[in-house]
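The sequence lines fix the lettering, A, B, ..., with proteins before strands; numbering per chain opens at 1.
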Amino acid sequence: MKTVVIGVIGADVHAVGNKIIDHVLTEYGFNVVNIGVLSSQEDFINAAIETNAKAILVSSLYGHGEMDCKYLRENCDEAGLGHVKLYVGGNIVVGKQDFKEVEQRFKKMGFDRVYPPGTNIEDAVKDLREDLGE
Amino acid sequence: MGIHLLVDFGSTYTKLTAVDLEKEDIIGTSKAMTTVKTNVLDGFNLALEKLKVSCPDMPEITGISACSSAAGGLKMAAIGLVEELTVEAAKRACLGAGALVNLVFSHHLSRKEVKQLKQADIDIILLAGGTDGGNKECIIHNAKKLRDADLGVPIIVAGNKDAADEIEEIFDASNQEYYIVDNVMPKLKMLNVKEAKEVIRQIFITKIIEAKGIKKAEEQTGEIIMPTPEAVLLAAELLAKGYEDEEGFNELMVIDVGGATTDVHTIGEGFPKRSEVILKGLQEPFAKRTVEGDLGMRYSANALLSLVSPYEFKQYYEYDETDIEQSALKRHENVEYLPDTDQERAFDNALARICCDYSMSRHVGHVEVVYTPLGNMYYQTGKDLTDIQYVIGTGGVLINNEDAKEILKEVNHKSNKKLELRPTDPVFLIDRKYILASMGLLGQKYPKLALKLMKKYLV
Ligand code: B12
């Protein structure tokens with residue numbers, strides 16, 4: 001069973017989506033380690049190390065995602081998690097922005113997959129299977 | 001019926017407490033120097049003689065229970081993966097079992113660290129790392145390193161269960177003594193130290209006592225059942241929880257200011273008291289013990305001094321003309337030193353106050369203000385002890401000190417340490433008869449009586 005860490009980054013308290021992601025990924029056979037809302041980069045990283053996670057799925061809903069996610073890739077690499085895939089989704093930037101551009105910005109920050117608002121978790125499941133192998 | 005005798009083989013003194021089971025009272029206490037270097041029974045017998053002299057009509061001794069912290073106590077090394085997670089969980093298992101944690105390592109053991117393990121005087125190693133189903137590569141690496149080092153010390157493996165079989169093979173291939181127990185952190189942030197603690201105690205009883213030359217005592221006392229600090233922790237837990245219809249004190253703290261260390265025990269959940277505070281970090285044990293090896297009245301007096309500036313020291317000490325370093329060194333070098341002037345007593349009080357203050361900073365939970373785009377938020381790590389009702393002082397300096405309660409006030413909330421979740425307005429009690437460890441022992445067989453006696457004699 002593949003382990004993934006999920007959580008909501010920064011000072012963000014939007015809890016509903018996080019619960020749904022937990023539920024859906026568990027249904028699809030992932031071992032989900034949910035660190036919940038209000039999680040720091042360090043919380044994601046420590047959880048991934050101890051649980052040997054293959055991917056980290058970051059949620060950000062409240063608009064400050066760009067700031068909160070900065071250097072997450074670098075910090076993971078530093079902690080020996082270079083092999084761990086980084087996904088991000090939710091409402092990751094402030095207001096309505098051109099998603100192509102947003103995606104580019106987050107990819108440049110080292111995220112492997114970037115999802116627009118209202119994404120179906122099933123899409124992410126497909127990507128996870130592709131990225132992590134069955 | 002008759003007398004149940006409680007024996008504590010301490011690092012300096014062997015202490016006896018005689019409990020009359022019929023009268024339900026402590027009828028006498030005595031102490032003599034611990035004699036591990038020659039024959040540990042010499043000290044015990046001398047203390048027993050003294051006890052018999054002071055209570056000539058003592059009924060027959062019908063039972064004995066003993067604990068020990070002699071010959072340096074129980075020394076352990078804790079090894080885990082991430083510092084805040086499995087390393088911390090491993091440390092808590094050791095401390096909860098009454099050990100001193102002399103070495104702590106995280107991630108992959110290096111040659112240098114293995115060398116430190118070889119040179120240190122360690123009794124047991126606790127090896128953790130990874131949640132169940134999580135990382136196993138690190139703990140396997142460390143198991144191999146430990147096998148190759150051939151330290152001749154028992155290893156308790158309390159990590160990712162998925163690694164257990166492989167670790168068994170690694171250790172079976174050598175004659176490494178090892179025990180595989182439940183993971184100290186089976187799930188992220190979940191603390192599970194019960195089995196690890198039990199096995200630590202088991203090894204202590206069967207092996208360590210012997211290695212330290214205390215086994216001989218068992219000819220007289222029967223099995224020495226636990227390390228002394230564990231007995232204190234059990235006493236505190238009993239006193240907090242109560243037993244049957246005998247009510248306890250609820251959440252409480254015991255602070256034991258010793259010559260080499262200051263131990264703090266708290267019994268209580270310590271959850272956040274305010275809704276806007278978010279709890280962070282590894283789950284806290286209900287009965288929590290921390291030990292500060294650099295805070296002590298004698299052996300550690302000079303280590304303590306290196307923590308405070310001369311200016312700070314003056315905040316605790318009113319005399320001007322003393323050579324502070326010299327006074328600390330004198331205590332470090334002569335651990336049996338007793339102050340004989342007002343000034344020396346004041347110096348001891350200053351040390352004791354620093355022990356209380358600093359150990360509290362490290363024991364209690366902290367809040368951290370996080371400045372977010374949405375304003376301030378508060379994260380709490382550790383226990384919120386602001387509502388603790390009772391703080392009980394024990395240890396040589398405090399129990400014989402008139403100013404004990406004044407000294408204990410140092411544990412209280414301080415305006416310059418606002419982010420520390422210290423007690424605010426507790427009742428202070430002193431273990432004047434020095435019975436806490438004994439009552440932890442007695443509580444194993446006669447919990448209700450032990451509880452009654454603590455309520456009577458902690459004043
Ligand atoms: C309910 C809600 C709240 C509640 C949250 C209660 C709680 N504890 O959960 C409260 C009232 C507390 C709240 C507060 C705020 N909110 Co609000 N909130 C909402 C609201 C109405 C619904 C959120 C929700 O639960 N959706 C339902 C779940 C199922 O969907 P979801 O969270 O989007 O998650 C799904 C997908 O996004 C996706 N997904 C999420 N993460 C990831 C990650 C990956 C890798 C993938 C693949 C997919 C994925 O899958 C999830 C499940 O289907 C939204 C508007 C909206 N309709 O979305 C605003 C909204 C998110 N909030 C917003 C704002 C601005 C705030 C506040 C800053 C308001 C303020 N000024 O105080 C605060 C922030 C508080 C904080 N510290 O976080 C904005 C964010 C704007 C932006 N990003 O630019 C929104 C979009 C409203 C808006 N249109 O302006 N909010």
Side-chain angles (χ1 to χ4, degrees), chain A residues 1-15 22 26 29-56 60-70 75-76 78-84 91-95, chain B residues 79-90 106-108 128-141 158-163 183-192 272 275-283 367-381:
Chain A
M1 214 194 318
K2 296 274 193 300
T3 300
V4 296
V5 171
I6 69 167
V8 187
I9 200 165
D12 194 335
V13 300
H14 293 92
D22 190 339
T26 305
F30 290 92
N31 175 33
V32 181
V33 176
N34 187 356
I35 62 171
V37 298
L38 294 165
S39 294
S40 66
Q41 287 197 6
E42 209 179 359
D43 295 335
F44 279 98
I45 289 169
N46 285 343
I49 295 175
E50 291 277 10
T51 62
N52 199 26
K54 302 290 183 250
I56 294 176
S60 178
L61 282 306
Y62 72 159
H64 304 281
E66 209 163 340
M67 195 172 92
D68 293 335
C69 290
K70 215 169 197 165
N75 291 337
C76 280
E78 194 71 52
L81 297 177
H83 57 286
V84 170
N91 299 299
I92 58 180
V93 291
V94 183
Chain B
I79 305 170
L81 177 51
V82 173
E83 207 176 309
E84 297 90 331
L85 297 171
T86 45
V87 176
E88 185 60 31
S106 59
H107 297 282
H108 295 78
T131 54
D132 284 345
N135 181 297
K136 60 177 188 174
E137 172 274 326
C138 183
I139 191 171
I140 286 171
H141 169 272
N160 183 358
K161 76 171 182 63
D162 291 13
N183 195 345
V184 286
M185 194 187 81
K187 283 184 175 178
L188 196 69
K189 295 189 186 179
M190 182 200 275
L191 187 70
N192 173 42
S275 61
E276 69 273 26
V277 179
I278 315 293
L279 193 57
K280 284 265 158 183
L282 183 68
Q283 186 189 351
V367 270
E368 183 189 351
V369 191
V370 191
Y371 304 100
T372 75
L374 306 168
N376 295 351
M377 315 247 299
Y378 300 90
Y379 289 142
Q380 172 183 332
T381 339

Chain B contact via [X] - which portion, at a heavy-atom distance below 4.5 Å:
X: A:Ile35; answer: side chain
X: A:Met67; answer: side chain
X: A:Asp68; answer: neither

Would the number of heavy atoms belonging to other residues, nucleotides or ligands and lying under 6.0 Å from CD of B:Glu137 be above 12?
-> yes
Name the region of [X], side chain, backbone, both or neither, that has any atom closer than 4.5 Å to a heavy atom of chain A.
X: B:Leu188; result: side chain
X: B:Ile278; result: side chain
X: B:Val82; result: both

Report the C-alpha separation of A:Thr3 and A:Asn52 in whole Å, then their side-chain angles, then the decisive distance to 0.1 Å, and conclude whether the side chain to side chain contact (heavy atoms under 4.5 Å, CB included) test is met.
-> CA-CA 7 Å; A:Thr3 300; A:Asn52 199 26; 6.0 Å; no
Could you tell me whether the side chains of A:Asn75 and A:Gln41 share a donor-acceptor contact shorter than 3.5 Å?
-> yes
Between B:Thr86 and A:Glu50, does any side-chain donor sit less than 3.5 Å from a side-chain acceptor?
-> yes
With sequence neighbours excluded, what pairs up with A:Asp12 under the side chain to side chain donor-acceptor pair (under 3.5 Å) test?
-> A:His14
Quick one: which of B:Lys187, B:Lys280, B:Met185 has the most heavy-atom pairs under 4.5 Å with chain A, could you say?
-> B:Lys280
